[in-house]
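The first residue of the sequence shown is numbered 1, and numbering continues consecutively from there. This one's a predicted model, so the numbers in the text were calculated from it and none came from an experiment.
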Amino acid sequence: NSIEFNEAAGRMGVDVMRWLYCAHKPENNLPFGYQRADETRRQFLIPLWNMYHFFTTYANLDGWEPSQAAFHPARPEGLTPASDNPLDTWILARLNQVTARCTEGLALSDTHSATLAVDAFLDDLSNWYIRRSRRRFWKGTHDLDKHTAYATLYHVLVKLCKLLAPFTPFVTETMYQNLVRAVQPSAYTSVHHCDWPDTDLDTIQPTLLDQMALTRQITSLGLGARSTVGLKVRQPLAQALVHVREGQGAIAESLQTIVTDELNVKTIQFVEAEEVLLRYELLPNSKLLGPRLGGQFPRLRAALAAANAAAIVHQMQAGLSITLPVDGEEVTLAPEEILVRTHPASGLAVASEKGVTVAVDTVITEALRTEGLARELVRRIQVMRKDAGFNIEDRITTYSLAEGELAQAVLTWRDYIQAETLSLALLAEAPPVESFSETHTIEGMVITLGVKRQ
């Protein structure tokens with residue numbers, strides 16, 4: 001793939017310039033130079049290529065090829081795949097949503113809005129769909145779920161090639177030749193000969209799109225809450241508690257599973273009262289209000305302390321001004337004139353934004369700590385696999401020499417460690433000389449690890 005990428009590098013320079021011109025507002029000047037071009041290459045073309053490379057790597061390993069049943073030369077992506085997996089149905093909904101926006105934008109010669117839609121979609125595809133679906137491609141069994149994952153990603157990439165062809169003709173042509181022509185000899189000889197992609201309106205499910213957006217917001221806030229107290233994501237936690245305002249309610253059970261996995265918590269619970277999770281404290285912004293209110297300032301502080309803090313914070317988050325009675329008259333405050341302090345409930349770390357509050361339980365039991373050590377060991381072994389030059393499909397023997405809690409983590413989570421690292425055996429002994437070995441210190445404890453290809 002690196003050879004293929006390098007061969008396309010010269011042509012990619014043209015694609016970079018085309019995308020730069022298409023992605024800026026025509027009424028503004030376009031500062032051009034190496035830095036801007038390299039930024040476009042890193043943020044747009046390389047992520048696109050990496051997604052294509054991810055698919056082709058695993059499809060080649062598994063010998064997967066697209067179905068010939070629904071093939072048509074002008075529409076090589078075929079019919080929209082059917083799937084019960086919410087990630088598949090969501091990314092297909094997003095694909096057709098962006099197809100509609102690109103079609104509308106280009107019909108109006110508005111390339112800027114079209115590129116904005118594509119950029120957002122590429123982020124969704126890379127940082128959510130593919131990242132969340134990796135295990136479906138990794139697993140050794142060739143079941144229906146794995147086939148559906150391949151079919152969905154293939155459909156998305158081929159249709160995306162057709163969407164991007166007017167913007168980046170050379171990269172999309174390279175991808176098309178490998179994705180389509182190599183497996184469909186009767187396909188049109190070029191992506192530029194294919195029909196412009198249709199929008200499959202039946203796939204665009206507003207409820208699913210809203211629910212997935214809420215799922216991602218909950219995940220982001222939960223990760224933010226963990227970071228405020230320095231809890232690594234590899235450390236499992238007991239639960240996450242979620243409060244959602246404005247009547248959105250809980251997300252579907254299948255999406256809750258995504259949240260628990262992303263946040264590495266055992267359970268997720270939706271609560272009706274935000275007060276269970278945190279308490280707000282309101283203070284006047286003295287730099288802004290001191291000069292304006294003068295002698296009224298201390299009484300305003302008292303009025304804020306006596307007010308319904310949660311209700312005021314909700315108004316502020318909506319961008320609304322706040323009116324409070326002070327000395328028998330009403331004082332109107334802008335959101336920036338009030339400072340908000342958040343006090344999480346005992347044992348919780350909390351983050352809140354745009355009507356959603358997420359708290360994670362920070363109490364780590366002995367069992368949770370042991371599982372966290374096992375996850376850290378998996379990460380170290382996976383890095384060692386890469387450093388040793390193993391292929392992603394190679395099966396290995398892993399050696400572990402440790403004492404105390406690390407030895408207990410290996411013993412308790414042996415099956416998990418083996419499955420995650422493709423280890424056919426996990427031996428509690430010193431690594432042999434022919435293995436690739438390293439000594440690691442984890443939370444002050446020393447362990448010697450070795451990996452050997454089978």
Original post:
If you round to the nearest 0.5 Å, how far is CD1 of Ile381 from CD1 of Ile396?
Top reply: 7.0 Å

Subject >> Shortest non-hydrogen contact from Thr189 toward Gln177 >> reply: O-NE2, 2.8 Å

Subject >> Over all atoms of both residues, closest heavy-atom pair of Ala307 and Leu324 >> reply: CB-CD2, 4.1 Å

**OP:** Scan side-chain atoms only and decide if Trp19 and Thr115 contain a donor-acceptor pair under the 3.5 Å cut-off.
**Re:** no

Original post:
Counting only heavy atoms not in Gln43, do more than 12 sit closer than 6.0 Å to its CD atom?
Top reply: yes

**OP:** Before accepting this row, confirm whether a basic side-chain N of the pair Lys146/Asp62 lies closer than 4.0 Å to the acidic partner's carboxylate O.
**Re:** yes

Subject >> Residue pair Glu39 / Gln35, side-chain donor-acceptor N/O under 3.5 Å >> reply: no

Subject >> 4.5 Å side-chain heavy-atom contact, Asn127 and Leu122 >> reply: no

Subject >> Test item: side-chain donor near acceptor, Thr421 and Gln382, under 3.5 Å >> reply: no

**OP:** Measure the spacing between CZ of Arg301 and OG of Ser286 and express it to the nearest 0.5 Å.
**Re:** 7.5 Å

**OP:** Would you mind reporting whether Val378 and Arg234 have side-chain heavy atoms less than 4.5 Å apart?
**Re:** no

Subject >> Any side-chain heavy-atom pair of Phe54 and Leu157 under 4.5 Å >> reply: no

Original post:
Given side chains that start at C-beta, do those of Arg18 and Phe167 come closer than 4.5 Å, heavy atoms only?
Top reply: no

**OP:** With rounding to the nearest 0.5 Å, note down the distance linking OG in Ser83 to CH2 in Trp90.
**Re:** 13.5 Å

Subject >> Heavy-atom donor-acceptor pair, His243 side chain to Val271 backbone, under 3.5 Å >> reply: yes

**OP:** Indicate yes or no for a side-chain donor-acceptor contact from Ser113 to the backbone of Asp110 under 3.5 Å, with no hydrogens or angles considered.
**Re:** yes

Subject >> Gap separating the CG atom of Leu320 from the CG atom of Leu333, nearest 0.5 angstrom >> reply: 13.0 Å

Which side-chain N or O atoms in residues 338-353 pair as donor and acceptor under 3.5 Å with protein atoms at least two apart or in another chain?
from	atom 1	to	atom 2	distance (Å)
His343	NE2	Glu281	OE1	2.8
Ser352	OG	Val356	O	3.4
Ser352	OG	Thr357	OG1	2.9

Original post:
Under the salt bridge (Lys or Arg N to Asp or Glu O under 4.0 Å) criterion, do Asp124 and Arg216 qualify, and how do the steps go?
Top reply: CA-CA 10 Å; Asp124 288 347; Arg216 297 183 71 179; 2.5 Å; yes

Original post:
Does the distance from a Lys or Arg side-chain N to an Asp or Glu carboxylate O, for Arg136 and Asp88, drop under 4.0 Å?
Top reply: yes

Subject >> Separation between CD of Gln235 and CG of Leu373, rounded to the nearest 0.5 Å >> reply: 7.5 Å

Original post:
With a 4.5 Å limit on heavy-atom distance, are the side chains of Asp15 and Leu45 in contact?
Top reply: yes

Original post:
Does the ring center of Trp64 lie less than 6.0 Å from the ring center of Tyr58?
Top reply: no

**OP:** Output yes when Glu376 and Arg379 qualify as a salt bridge under the 4.0 Å nitrogen-oxygen rule, no when they do not.
**Re:** yes

Subject >> Check against side chain to side chain contact (heavy atoms under 4.5 Å, CB included), Met384 and Glu438 >> reply: CA-CA 8 Å; Met384 288 177 63; Glu438 293 178 344; 3.3 Å; yes

**OP:** Could you walk me through whether Phe270 and Leu241 pass the side chain to side chain contact (heavy atoms under 4.5 Å, CB included) test, one step at a time?
**Re:** CA-CA 6 Å; Phe270 285 79; Leu241 304 169; over 6 Å; no

**OP:** Check whether any side-chain heavy atom of Ile251 lies under 4.5 Å from a side-chain heavy atom of Val259, and answer yes or no.
**Re:** yes

Original post:
Is a side-chain donor-acceptor pair under 3.5 Å present for Thr199 with Asn96?
Top reply: no

Original post:
Do Lys287 and Glu336 sit within salt-bridge range, that is, some charged N less than 4.0 Å from a carboxylate O?
Top reply: no

Original post:
Could Arg245 and Glu274 be called an ion pair, given the rule that one side-chain N must be under 4.0 Å from one carboxylate O?
Top reply: yes

Original post:
Charged N to carboxylate O under 4.0 angstrom, Asp261 versus Arg132?
Top reply: yes

Original post:
Hey, is the main chain of Ala419 close enough, under 3.5 Å, to the side chain of Ser423 for a donor-acceptor pair?
Top reply: no

Subject >> Steps toward side chain to side chain contact (heavy atoms under 4.5 Å, CB included) verdict (Leu163, Thr172) >> reply: CA-CA 9 Å; Leu163 276 178; Thr172 51; over 6 Å; no

**OP:** Check step by step if side chain to side chain contact (heavy atoms under 4.5 Å, CB included) holds for Leu422 and Phe390.
**Re:** CA-CA 11 Å; Leu422 297 184; Phe390 297 165; over 6 Å; no

Original post:
Between CD of Gln418 and CZ of Arg395, what distance do you get to the nearest 0.5 Å?
Top reply: 12.0 Å

Original post:
Should the heavy atoms of other residues, nucleotides or ligands under 6.0 Å from CG of Asp84 be counted, would the total exceed 12?
Top reply: no

Original post:
Aromatic rings Phe55 and Tyr150: how do their planes relate, parallel, tilted or perpendicular, breaks at 30° and 60°?
Top reply: perpendicular

Subject >> Note: Arg292-Glu337 ion pair, threshold 4.0 Å (strictly below) >> reply: yes

Subject >> Over 12 foreign heavy atoms within 6.0 Å of CG, Asn28 >> reply: yes

**OP:** Could you tell me whether a side-chain N or O of Asp200 sits under 3.5 Å from a main-chain N or O of Asp202, the two making a donor and an acceptor?
**Re:** yes

Subject >> Beyond-backbone contact of Pro166 with Trp196, side-chain heavy atoms, under 4.5 angstrom >> reply: yes

Original post:
Of all residues at least two apart in sequence or in a different chain, which pass the side-chain hydrogen bond (donor to acceptor under 3.5 Å, both in side chains) check with Lys266?
Top reply: Glu371

**OP:** Locate the shortest heavy-atom distance separating Pro76 from Tyr176; write the atom from each residue and the value.
**Re:** CG-CE1, 3.9 Å

Original post:
Can you check whether Ile322 reaches Leu304 side chain to side chain, under 4.5 Å on heavy atoms?
Top reply: no

Subject >> salt_bridge(Asp394, Arg385) N-O dist < 4.0 Å >> reply: no

Subject >> Heavy-atom pair with the smallest gap, counting every atom of Pro236 and Arg375 >> reply: CG-NE, 3.8 Å

Original post:
So which heavy atom on Val183 is nearest to which on Gln68, and how close?
Top reply: O-NE2, 3.5 Å

Original post:
For Glu77, which of His155, Lys159, Lys162, His72 qualifies under side chain to side chain donor-acceptor pair (under 3.5 Å)?
Top reply: Lys162

Original post:
Which atom names give the shortest non-hydrogen contact between Arg75 and Asp195, and what distance separates them?
Top reply: NH2-OD2, 3.6 Å

Subject >> Residues, nucleotides or ligands: over 12 heavy atoms within 6.0 Å of Glu253 CD >> reply: no

